[in-house]
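All remarks here apply to the structure that follows.
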Amino acid sequence: MLTIKIPYTCTDTNYPTELHELRRVQSSCYRSAYQRASEGLVETEIRKYCREIFPELDSWFVQSALNKGIGQFKADWELDKKKKKEFNGSRIFGGKRNFMRRMKGLITHEEYQEHRLENLYSIGAKGDYGNRKFNFNTDTITFKPNRNSHYE
């Protein structure tokens, strides 16, 4: 598996707001998938739940968030199992330090919400010759959040 993290700049003025909204919804889906996995639901039930709650999110972004959320839950569960602790299924999204800073009033609610946002997550697929949502060219990367929107 190859993970690519790339800083980007975009010339389209609408792209940052669309990307922010997509990140916000996918982060919510990821947190919901983590919570449902901690409740003992299987992947098909979690997928059905997320498709109902987040209808504006593309199915591939939902699947990517499910894989990340369920995988993170399993990793946390295994870590607590190794430490011989009882796993309670709780995780502080956005970081414990930021949570404590928010509780003390050192950062605003909006700043804390920004810290809770996850990076956009899209899993590649062998059948699609890489990633469904990104085309990698020699000098540009094309992001295709849906059929009608393409961004360089």
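These numbers were taken from a predicted model, which means no experiment stands behind them. In what follows, every heavy atom counts, from backbone to side chain, and hydrogens, waters and symmetry copies are set aside.
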For residues 93-104, which side-chain donor-acceptor pairs fall under 3.5 Å, sequence neighbours excluded?
residue : atom : partner : partner atom : Å
N98     : ND2  : G94     : O            : 2.9
R102    : NH1  : I107    : O            : 3.4

Does any donor atom in the side chain of E114 or H20 lie under 3.5 Å from an acceptor atom in the other side chain? yes

Side-chain contact, heavy-atom cut-off 4.5 Å: Y49 with E45? no

Any S32 side-chain heavy atom under 4.5 Å of I53 side chain: no

Which atom pair, heavy atoms only, marks the closest approach of L66 to A33? CD2-CB, 3.7 Å

If I compare all heavy atoms of F61 with all of P145, which pair ends up nearest, and what's the gap? CE1-O, 4.1 Å

Should L19 and F54 be counted in the same cluster of Ile, Leu, Val, Met, Phe, Trp and Tyr side chains packed under 4.5 Å apart? yes

Shortest non-hydrogen contact from Y30 to A65? N-CB, 3.9 Å

Any chance you could measure E56, atom CD, to L22, atom CG, to the nearest 0.5 Å? 9.5 Å

Validation row: S64, Q26 side chains within 4.5 angstrom (heavy atoms): yes

Does this structure show an ion pair linking K68 with E118, if we count only N-O contacts that are shorter than 4.0 Å? yes

How would you list, by chain and number, every residue that makes a salt bridge (charged side-chain N to carboxylate O under 4.0 Å, His left out) with R36, sequence neighbours excluded? E39

Check whether any side-chain N or O of W60 sits under 3.5 Å from a backbone N or O of I123 as a donor-acceptor pair, and report yes or no. yes

Would you compute the distance between atom OG of S38 and atom NZ of K74 and round it to the nearest 0.5 angstrom? 13.5 Å

Would you say R91 and R31 make side-chain contact, with heavy atoms under 4.5 Å? no

Output all residues satisfying side-chain contact (heavy atoms from CB on, under 4.5 Å) with E43, sequence neighbours left out; order by chain, then residue number. R47, Q63, N67, I70

Taking all heavy atoms of L57 and all of R51, pick out the closest pair and write down the distance. O-NH1, 2.8 Å

Does the side chain of H115 pick up a donor-acceptor pair with the side chain of E111 at under 3.5 Å? no

